[in-house]
Protein chains: 2
Amino acid sequence: MKHIDMNSLLEEHKTKLQWIGGQHAKIKQIKNILNGKSADSAMFFAIEGIWAHQKLMKTNIEMDSFLFCPECIYSEEAFHLVEKSLKKAKNVFIISKKVMEKISQEDKLDGLVSIGLLPHHKIEFLKLKKHPVIVVLDGLEQAGNIGTIIRTCDGAGVDAIFICNKKAKLTNPKLIKASMGGVFTVPIIEFSNVTACINWLSKHNFHIYLADTRANRTYKQHEYSGNIALVIGSERYGISKEWYNYPHQQLLIPMHGICDSLNVGIATAVIVYEIKMQKDGSVL
Amino acid sequence: MKHIDMNSLLEEHKTKLQWIGGQHAKIKQIKNILNGKSADSAMFFAIEGIWAHQKLMKTNIEMDSFLFCPECIYSEEAFHLVEKSLKKAKNVFIISKKVMEKISQEDKLDGLVSIGLLPHHKIEFLKLKKHPVIVVLDGLEQAGNIGTIIRTCDGAGVDAIFICNKKAKLTNPKLIKASMGGVFTVPIIEFSNVTACINWLSKHNFHIYLADTRANRTYKQHEYSGNIALVIGSERYGISKEWYNYPHQQLLIPMHGICDSLNVGIATAVIVYEIKMQKDGSVL
């Protein structure tokens, strides 16, 4: 523990630090966000713990508030994250262990909680590389599924995610957590309706692929080139009708057993990795 | 509703039916199973609702007890499942809506709950087709992840699942639910230790592939033929050391973003479908 000198750190930053108790408005705000009760229009999200702060530090995400509990900081790793967060965050608050316990949704207290501001990507400003791959999520309901898909898209190097028929907030804590930081890096753009999304893709010469259990060609029986949009439908209702009126190809994942379909996050990953590995070559 | 005549059905089967209240031992048993509290040695599992009973009817799984609540049976589909279950189940119990509510873990009451007996597959009796694909789960902790992988293996037509360093019971309700019936169809065999598993695979000429984020070849840079065993490690600790002492190949899934790895269920699916599609050809 030789590199942890919390007292010096607190002394050094004392003008920026504010001790707050459990009744402070900031505590209420963070609890609301962690319980998914924040206003829809606000793009505030909350994260907790070491791994999430490590991810956040690697991004340009605006860190609105950083709250930490000095008594809960044990490891050098956590201490360094406090040092970095003190520089990055607009507002810094110190809280007691009791207040941290009141806020925390985790089993283990790492002593770090932050409120950040998700970037609001606009379609007009989306910059894409040549021959991009975009994943379109149409009506997905479960925040955990959406987060897992964002994590997969981050991993596969998908260029953007489009969302139509939005059912879950991007700031939903389950989504943020399942995305493992992916929500900070992959540009995610929401469309007010399916037609607006189709029009944009059409104007920009995207080939549209629909993942559909009724298709008669598998996802392996296509060669993916040019601009690719892969459309994934909701867990219960599949893909909206509008897509079928526009030129498209349908992709099937063969199912050999008792289950009719894969979990939506699994199905997306199988197809997305096939598309990306075909396009990038199998080279690392 | 013209095909639903509950009274006639109850009359017809009256010798087999038993009305029970909330204090009956069967209710306690089913609640214990649904709460994951059943004894480890017992292979009893519980399922609830229409979809789960539909899956169960497609299998040879032994149905120990079937409990239903006549007042909760609305649809023809549910009624037909009652008819079938009355024939299939060893013991049949009728319960009130109040008792059903006490048991149920679902938001919507379908009026059907059953206790089944998972088959205990033994390695000595495992029959495999030529050049099988086996997925080995080594130390996986989360029942939901294991269930999702079983669903994927069912879909991909994986021949068997081997489990080493077991951390979750196969009868765990989250596992049963996430598997979407896959746990009823894919032969799943538990090994007491990794060495026993390696010895079996070695004796039967399996090529061993380890999914490892440190590998220097991707999962696409291999040609899969012969007998294949894909080893997947735990969410936190990866694959046990013993595997690395035995001849093997390592597989990487390229990661382009902020995340170091994919969700374990996602990673398994990406590799398993590649192996199966290569081996089966892209033909449906």
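By convention in this document, chain letters (A, B, ...) are assigned in the order of the sequence lines, proteins followed by strands, and residues within each chain are numbered from 1.
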Next on the checklist: So, taking the atom named CE in Met180(B) and the one named CD1 in Ile258(A), what distance separates them when rounded to the nearest 0.5 Å?
Outcome noted: 10.5 Å

Next on the checklist: Ignoring hydrogens, what is the shortest heavy-atom contact between Asn263(A) and Thr148(B)? Give both atom names and the distance.
Outcome noted: CB-CG2, 4.3 Å

Next on the checklist: Need one label for Thr268(A): side chain, backbone, both or neither, based on atoms under 4.5 Å from any heavy atom in chain B.
Outcome noted: neither

Next on the checklist: So for atom NZ, which belongs to Lys167(B), do other residues, nucleotides or ligands contribute more than 12 heavy atoms lying within a distance under 6.0 Å?
Outcome noted: yes

Checklist entry - How close do Cys259(A) and Ser179(B) get, heavy atom to heavy atom, and via which atoms? => result SG-O, 3.7 Å

Item to check | Flag if over 12 foreign heavy atoms under 6.0 Å of NZ, Lys129(B) | outcome: yes

Checklist entry - Looking at Arg151(A), Met255(A), Lys276(A), which has the largest count of heavy-atom pairs under 4.5 Å with chain B? => result Arg151(A)

Checklist entry - If you count the non-hydrogen atoms of other residues, nucleotides and ligands that lie under 6.0 Å from OH in Tyr244(B), is the total more than 12? => result yes

Next on the checklist: Counting heavy-atom pairs under 4.5 Å with chain B, which one of Ala267(A), Ser261(A), Ala178(A) comes out on top?
Outcome noted: Ser261(A)

Checklist entry - Between Leu262(A) and Tyr273(B), is any pair of side-chain heavy atoms under 4.5 Å apart? => result yes

Checklist entry - More than 12 heavy atoms of other residues, nucleotides or ligands under 6.0 Å from NZ of Lys279(A): is that the case? => result yes

Checklist entry - Which is it for Tyr219(B) and Met277(A) under the side-chain contact (heavy atoms from CB on, under 4.5 Å) test, yes or no, and what are the steps along the way? => result CA-CA 10 Å; Tyr219(B) 71 101; Met277(A) 295 297 273; 3.4 Å; yes

Checklist outcome for this item: So, the part of Thr152(A) with a heavy atom under 4.5 Å from chain B: the answer is both

Checklist outcome for this item: Max heavy-atom pairs within cutoff under 4.5 Å with chain B, candidates Glu274(A), Lys58(A), Lys55(A), goes to Lys55(A)

Checklist entry - Which heavy atom in Ile266(B) sits nearest to a heavy atom in Ala269(A), and how many Å separate them? => result CG2-CB, 3.3 Å

Item to check | CD on Gln54(B) to CG on Asp260(A), rounded to 0.5 Å | outcome: 9.0 Å

